[in-house]
Amino acid sequence: MSEHTLAVSDSSFDADVLKASGLVLVDFWAEWCGPCKMIGPALEEIGKDMQGRVTVAKVNIDDNPVTPNTYGVRSIPTLMLMRDGKVVDTKVGALPKSQLKAWVEGAL
């Protein structure tokens with residue numbers, strides 16, 4: 001991933017997301033997904049701009065099939081805001097950075 005997003009696997013999801021302190025934005029994505037690639041830079045910027053306030057975690061659904069199945073991910077990109085191990089809100093599909101940022105700020 002990058003310095004502002006965290007690559008999360010099925011095996012690390014519990015520690016990286018469910019037990020994380022604060023708000024976590026989980027991006028369920030895949031390499032072949034065009035809309036996922038479109039929002040990637042926006043998620044990177046949100047991770048940078050909101051560092052210390054939100055963690056941006058990325059789960060590649062092809063490499064990690066268990067976690068998306070657990071959370072009922074049916075299409076990608078699926079974005080979930082999680083706090084204290086629980087889903088706070090979910091968005092499906094690509095959104096502009098301004099809408100993504102407003103969505104995250106609304107949950108803080």
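Just the heavy atoms: all of them, side chains too, but no hydrogens, waters or symmetry mates, feed the values below.
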Asks: Please determine if Asp89 and Arg83 form a salt bridge, counting it only when a charged side-chain N lies under 4.0 Å from a carboxylate O.
Replies: no
Asks: Do you know the tightest heavy-atom contact between Asp27 and Lys58?
Replies: OD2-NZ, 2.6 Å
Asks: Before you tell me yes or no, could you show the steps for His4 and Glu45 under side chain to side chain contact (heavy atoms under 4.5 Å, CB included), namely the whole-Å CA-CA distance, both residues' side-chain angles and the distance that decides it to 0.1 Å?
Replies: CA-CA 8 Å; His4 300 292; Glu45 289 176 35; over 6 Å; no
Asks: Check Ala7 against Asp16 and note the closest heavy-atom contact, atom names and distance.
Replies: O-OD2, 4.3 Å
Asks: Side chain of Asp10, backbone of Val66: donor and acceptor closer than 3.5 Å?
Replies: yes
Asks: Same hydrophobic cluster for Met38 and Leu25, using side-chain heavy-atom links shorter than 4.5 Å among ILVMFWY?
Replies: no
Asks: Answer yes or no: is there a side-chain heavy-atom contact under 4.5 Å between Leu95 and Ile39?
Replies: no
Asks: Given the rule in the side chain to side chain contact (heavy atoms under 4.5 Å, CB included) test, do Leu23 and Thr55 qualify, once you have shown the distances and angles that lead to the verdict?
Replies: CA-CA 6 Å; Leu23 190 66; Thr55 301; over 6 Å; no
Asks: Indicate the atoms forming the closest heavy-atom contact of Thr5 with Leu43, along with that distance.
Replies: CG2-O, 4.3 Å
Asks: Find out whether Leu79 and Leu100 are in side-chain contact, i.e. whether some heavy atom of one side chain is under 4.5 Å from a heavy atom of the other.
Replies: yes
Asks: Verify the cluster assignment for Met82 and Val56: are they in a single hydrophobic cluster under the rule of side-chain heavy atoms below 4.5 Å apart?
Replies: no
Asks: Start with the C-alpha gap between Val24 and Val54, add the side-chain angles, then the distance that decides, and say whether side chain to side chain contact (heavy atoms under 4.5 Å, CB included) holds.
Replies: CA-CA 6 Å; Val24 182; Val54 66; 5.9 Å; no
Asks: Looking only at heavy atoms, what is the nearest atom pair of Phe28 and Met80, with distance?
Replies: CE1-SD, 3.9 Å
Asks: Tell me whether Leu6 is reachable from Val26 by hopping between hydrophobic residues (I, L, V, M, F, W, Y) whose side-chain heavy atoms are closer than 4.5 Å.
Replies: yes
Asks: Is there a donor-acceptor contact under 3.5 Å from the side chain of Asn64 to the main chain of Asn60?
Replies: yes
Asks: Cluster question for you: counting only ILVMFWY and a side-chain heavy-atom cut-off of under 4.5 Å, with indirect links fine, are Trp103 and Ile46 together?
Replies: yes
Asks: So, for Pro77 and Cys33, which heavy atoms are closest and what is the spacing to 0.1 Å?
Replies: CD-SG, 4.0 Å
Asks: Restricting to non-hydrogen atoms, name the atom on Leu108 and the atom on Met50 that form the minimum distance, rounded to 0.1 Å.
Replies: CD1-CE, 3.4 Å
Asks: Run the numbers on Asp62 and Trp32 for side chain to side chain contact (heavy atoms under 4.5 Å, CB included), then give the verdict.
Replies: CA-CA 10 Å; Asp62 289 333; Trp32 47 263; 2.7 Å; yes
Asks: Hydrogens and angles aside, do Ser12 and Ser9 bring a side-chain donor and acceptor to less than 3.5 Å of each other?
Replies: yes
Asks: Look at the side chain of Lys37 and the backbone N and O of Glu31, then say whether any donor-acceptor pair between them is shorter than 3.5 Å.
Replies: yes
Asks: Are Val73 and Phe13 linked, directly or through other ILVMFWY residues, by side chains that come within less than 4.5 angstrom of each other?
Replies: yes
